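What follows is one structure encoded as structure tokens, with my remarks underneath.
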Amino acid sequence: MKEIRVRFAPSPTGPLHIGGVRTALYNYLFAKKHGGTLILRIEDTDQTRFVEGAENYIIESLTWCGITFDEGVHIGGPYAPYRQSDRKALYRQYAEQLVASGHAYYAFDTPEELEMLRKDYESRKEMFQYGPSTRLGLKNSLTLTADETQKLLDSGTHYVIRIKIPQNETITVIDLIRGATNFESSLLDDKVLFKSDGMPTYHLANVVDDYLMKISHVIRGEEWLPSAPLHVLLYKYLGWEEQMPQFSHLPLLLKPDGNGKLSKRDGDRLGFPVFPTEWQDPKSKEISSGYRESGYLPEAFINMLALLGWNPGNDQEILSLHELIDLFSIERCSKSGAKFDPEKAKWFNHQYLSKKTGEELAVFLTKQLAEKGISANQSYITHVCNMVKERCHLLPDLWEQSYFFFQAPKSYDEKVIAKIWKPQTTELLTGLTTVLVGIELFTAPEIEDSVKKYCEEKQVGMGQVMNPLRLTVVGTNAGPSMFEMMELLGQTEVLERLNKGIEEIKV
RNA sequence: GGCCCGUUCGUCUAGGGGUCAGGACGCAAGGUUUUCAUCCUUGAAACAGGGGUUCGAUUCCCCUACGGGCUACCA
């Protein structure tokens, strides 16, 4: 069987959004599943769209996701270089080979001429197509004599090389997800393969590199399906039909609301990240938020993404990277686009977060505390994490759910006071202080015991005491188990807060 | 406009000629909890429409509608 070699081939035109990450992920899963090789190739044939730092961003954000490559622009490999601009010298010969074999031709029309032609057609409500029906009326090596063509070439006139699309052929694209799709060649146009700046277009570079790098499967977004017949033709005309990779076109990721494919704007508009990690535009300096910075765990992020357009065929939703590799199959990818759901992304993160150990989470909370100038000992922080982790969805919740372990309340929630602070509360709590002072071993069970006894003595329900007590200790009516919390805070601290509360809370 | 792809609860989806059309997110109601959250239980919620084929179609075929993608010397 043919060796499995797949590639992720982004353009460094900006940060990679989650749709791109998913494409990378599916390539990764496919490669790992079949013991194959995953390659990172940078497709930077359009130098006008180059964005500083984008390539680096792609590498770093995928690394955060846990997606690793076997060959690529950042690690080299047997088919280096892996950046198309570094392979520039290589493409011209293939374009010229196509001209020589009669499957392509030189075209000398300027962009301005073509633009005018398009406008002209448009005004007649028609679409201009550089193809079989029009190419004989344009300035190219098909209409010029060999002499004239040569003269233009020699004089340094700008030219492009276009594919000569055949007249009445049906081109079949076999796709592992969608099956066979037929395209009529007469509806295709003579796409530019080689640009006047000496660079190939995507179509040529992609086919040449996939061939040269022995790519066995092309897994890419659905937006490439319409140009797949062109690629099939290229393999055929270059004489590489036997080595043509198998195609899979992934469905698109759509906006959570409304219609259309997910874009950067949607994130800003709806308040969720569309990029794996934070990105700052080098020109506008505008910052786009990332999943990492928003407090998502990479495992959760990847798990969520994997299930957007693929599923294992059973009800299991929480899947480790290892399980994903094990279960993945390209045939189980869905055909229709998936609307992205930010709420479910949070749910996934909650699942992973609550299963982390206190030690693991302490690393994050320690960092958050440091930013606020708070320090505490590690075992205390670990304890706190264990106590609050199940209440957290995103990493910043660690602090949101536990701040009162690190600072006494500065104020008390008015609404809660109104609801629970009764006329006899002050007296009840004052009595409680003497009970708490008397506890020798300040542990949760001991405290619970004493408080229960106290309530029985006073003939009041636990809530009468516990709710106001929580208010004095936390500042509001939220938080984990009071008794465990008190044990962790310690007798002195609890009494201090209690006394302060009794002092300050008046109805 | 043309070409191509698609269409199961609001969303992600399973299923596939005879099913109570299953799960998850979200939502609602109960329960647990001294509180909030978690958690547990329950509930509402879907086969786009019309024609075929068939004893039977959500499942197969066709048409329509709707959605999406592409239609650059961008990728």
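Excluded from the calculations below are hydrogen atoms, water molecules and symmetry mates; all remaining heavy atoms, backbone and side chain alike, are included. Please read all numbers here as calculations on a predicted model, not as lab measurements. Note on naming: letters A, B, ... go to the chains in the order of the sequence lines (proteins, then strands), and numbering restarts at 1 for each one.
Remark: Ala205(A) pairs with Thr45(A), Gln84(A), Tyr91(A), Pro200(A) by the side chain to side chain contact (heavy atoms under 4.5 Å, CB included) rule, at least two apart or across chains.
Residue Asn467(A) places no side-chain N or O under 4.0 Å from the OP1 or OP2 atom of U35(B). At the phosphate of C5(B), OP1 or OP2 sits under 4.0 Å from a side-chain N or O atom of Thr181(A).
Side-chain atoms of Tyr26(A) come within 3.5 Å of backbone N or O of Ala306(A) as a donor-acceptor pair.
Below 30°, between 30° and 60°, or above 60°: for His231(A) and Trp224(A) the angle between ring planes is between 30° and 60°, a tilted geometry. Using cut-offs of 30° and 60° on the angle between ring planes, the pair Phe275(A) and His17(A) is tilted.
Considering only the side chain of Glu390(A), U38(B) comes nearest among U35(B), U38(B), C3(B). With distances taken from any side-chain atom of Ser481(A) to the nucleotides U34(B), C12(B), C3(B), the minimum falls on U34(B). Comparing U34(B), G69(B), G6(B) against the side chain of Met462(A) picks out U34(B) as the nearest. Considering only side-chain atoms of Leu225(A), the nucleotide from C4(B), G68(B), C3(B) that sits closest is C4(B). Nearest to the side chain of Ala338(A), among C39(B), U13(B), C4(B), sits U13(B).
When the P atom is compared between A57(B) and A45(B), the two are found 24 Å apart, to the nearest whole Å. Comparing the same atom, P, in C55(B) and in A14(B) gives a spacing of 31 Å after rounding to whole Å.
To the nearest angstrom, C1' of U11(B) lies 13 Å from CG of Leu307(A). Rounded to whole Å, atom P of G69(B) lies 16 Å from atom NE2 of His249(A).
Backbone-only engagement by Gly309(A) is indicated by non-hydrogen atom pairs under 4.0 Å involving sugar-phosphate atoms exclusively. Within 4.0 Å of Pro480(A), counting heavy atoms only, lies at least one base atom of the nucleic acid.
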Q) After noting the C-alpha distance and the side-chain angles of Asn182(A) and Thr172(A), does the key distance pass the side-chain contact (heavy atoms from CB on, under 4.5 Å) rule? A) CA-CA 5 Å; Asn182(A) 294 324; Thr172(A) 302; 2.8 Å; yes
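Applying the salt bridge (Lys or Arg N to Asp or Glu O under 4.0 Å) test to residues at least two apart or on different chains, the pairs with a partner in residues 45-57 of chain A are Asp46(A)-Arg49(A), Glu55(A)-Arg83(A).
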**Q.** Per-nucleotide protein contact string for nucleotides 70-75 of chain B (B base, S sugar-phosphate only, - none; heavy atom under 4.0 Å)
**A.** S--BBB
